[in-house]
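Written below as structure tokens is the structure these notes are about.
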Number of protein chains: 2
Amino acid sequence: MKNKKNELTKNQKIVLDFIQKSNKPVKAYSILSNVSKKGLKAPPQVYRALEKLIEVGEVHKIESLNSFVACNSKCIEPNGTIFSICKSCDQTTEVSNADLAKFLSDFKDMNGTQFSGFNLELFGTCKSCKA
Amino acid sequence: MKNKKNELTKNQKIVLDFIQKSNKPVKAYSILSNVSKKGLKAPPQVYRALEKLIEVGEVHKIESLNSFVACNSKCIEPNGTIFSICKSCDQTTEVSNADLAKFLSDFKDMNGTQFSGFNLELFGTCKSCKA
DNA sequence: AAATATTTCGTTATATTATAACACTACCTT
DNA sequence: AAGGTAGTGTTATAATATAACGAAATATTT
Ligand SMILES: [Zn+2]
Ligand SMILES: [Zn+2]
Ligand SMILES: [Zn+2]
Ligand SMILES: [Zn+2]
């Protein structure tokens, strides 16, 4: 047994709170400077919180942006993530499409072996950038 | 008209050559140290070559590894990439599966708008790591 | 409750990845 | 030859991420 009280710690909550309030993916050092008044003063404190938050599924990393977003809690597949990213403003939303998620989860390689996880990043232009 | 002689430059060829000879994704600074005897001595020289090689489609960046691979020249979709990545050794192969590529290219968002590009990274365990 | 193990914390230093800026060169186009 | 574009070499620095270590907090066992 690992952690009877399965709650986030203070630092983890502070970081998650900031990410959830952001409407775009946020960078680690942006998190750091924005929560420094709450006591987090060095990169490891932020990166450690992020690591945990990602582990428990509250946060995802947007690899192509080196940035972090809160899970919209519509993750369909536990080990797969799908994002829609605006090429012009980086606005990012988690895509929940059952067909797509199923297609990806069920996908097998040449040998018929299934994958254990996936990350799909779809690039386009968001509504406000089109206008 | 851009470039009548549509060839790669010396530096670009050196970098591409090294990437093609590698059997795994390679990191920029690993490229740098490996081609330094051929005259490339500073990061910008490598990153500029990479930028061009990516632009012309000879090289892809593996975002989750901050590494680079040569295109296996089986890119089905011009603006979409699909990779299979071993979680344990980082061995990476470009996946060419017409059904999957078509599914992703045709995928539309809630508003029915098509995306202009995508990158899919599939995670699993490679043959040799399973053994 | 006390002892032990585990996890988190704060901190300093450093590693890794990537780009800005600038003067200069090579080549293509007219 | 003149002008434009792309590439080069170089120095410096920005941006992203982790190693290491001892102290503090929390959980588990005795
Ligand atoms: Zn999610
Ligand atoms: Zn946008
Ligand atoms: Zn390719
Ligand atoms: Zn492997």
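Chain letters run A, B, ... following the sequence lines, proteins first, then strands; residues in each count from 1.
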### Task
Rounded off to whole Å, could you give me the CD-to-C1' distance for the B:E7 and D:dG7 pair?
15 Å

### Query
Could you give the CD1-to-P distance, from A:I62 to D:dA17, as a whole number of Å?
13 Å

### For atom NZ of B:K10 and atom C1' of D:dT8, their distance in whole Å
9 Å

### Message
Looking at C:dT19, I'd like to know if its phosphate oxygens (OP1 or OP2) sit under 4.0 Å from a side-chain N or O belonging to B:Y47.
### Response
no

### Message
Here's a test of your reading of the structure: between B:A42 and B:T9, which maps to the more 5' nucleotide of DNA chain D?
### Response
B:T9

### Task
If the plane angle is over 60° it's perpendicular, under 30° parallel, otherwise tilted; pick one for A:F103 and B:F103.
parallel

### Query
NA contact type, B:Q12, heavy-atom cut-off 4.0 Å: base, sugar-phosphate, or nothing?
sugar-phosphate

### same_hphob_cluster(B:L104, B:F83) at 4.5 Å side-chain heavy-atom cutoff
no

## Note on the structure
To the nearest angstrom, the NZ-C1' distance between B:K52 and D:dT5 comes to 11 Å

### Message
I need the CD-C1' distance between A:E51 and D:dT18, as an integer number of Å.
### Response
10 Å

### Query
Among the clusters formed by ILVMFWY side chains lying less than 4.5 Å apart, do A:I82 and A:F107 turn up in the same one?
yes

## Note on the structure
Heavy-atom closest pair (A:K130 atom, A:T125 atom, distance to 0.1 Å) is CE-O, 3.4 Å

#### Entry: Side-chain N,O (B:N66) to OP1/OP2 (C:dA18) below 4.0 Å
yes

### Query
Do B:N111 side-chain atoms and B:T113 backbone N/O form a donor-acceptor pair below 3.5 Å?
no

### Query
Expressed in angstrom and rounded to an integer, what is the separation of A:L53 atom CG from C:dT8 atom C1'?
13 Å

Atom pairs, protein N/O to nucleotides 21-25 of chain C N/O, distance under 3.5 Å:
none

### Task
Can you figure out which of C:dT12, D:dT10, D:dG9 approaches the side chain of B:N11 most closely?
D:dG9

#### Entry: Selected nucleotide, minimal atom distance to A:K41 side chain, candidates C:dC9, C:dT11, D:dA17
C:dT11

### Query
For A:Q20, does the CD atom have more than 12 heavy-atom neighbours from other residues, nucleotides or ligands under 6.0 Å away?
yes

### Task
Using whole Å, report how far NZ of A:K61 lies from C1' of C:dT17.
11 Å

### Query
Between C:dT19 atom P and B:L50 atom CG, what is the distance in whole Å?
10 Å

### Query
Has A:K38 got more than 12 heavy atoms of other residues, nucleotides or ligands less than 6.0 Å from its NZ?
no

### Partner of A:T81 under side chain to side chain contact (heavy atoms under 4.5 Å, CB included), chosen from A:E121, A:K61, A:E63, A:H60
A:H60

### Task
Before giving the answer on side-chain contact (heavy atoms from CB on, under 4.5 Å), spell out for A:N34 and A:V26 the whole-Å C-alpha distance, their side-chain angles and the decisive distance to 0.1 Å.
CA-CA 10 Å; A:N34 277 281; A:V26 283; over 6 Å; no

### Query
Considering only heavy atoms, which members of residues 14-40 of chain A lie under 4.0 Å from some atom of DNA chain D?
A:K27, A:Y29

### Task
Could you check B:P43 against A:A49 and say which one's nearest nucleotide on DNA chain C is further toward the 5' end?
A:A49

### Query
According to a strict under-4.0 Å criterion, is B:Q45 in side-chain N/O contact with OP1 or OP2 of D:dG9?
yes

### Task
Give a yes or no on whether the backbone of B:L65 and the side-chain of B:K27 come within a donor-acceptor separation of less than 3.5 Å.
yes

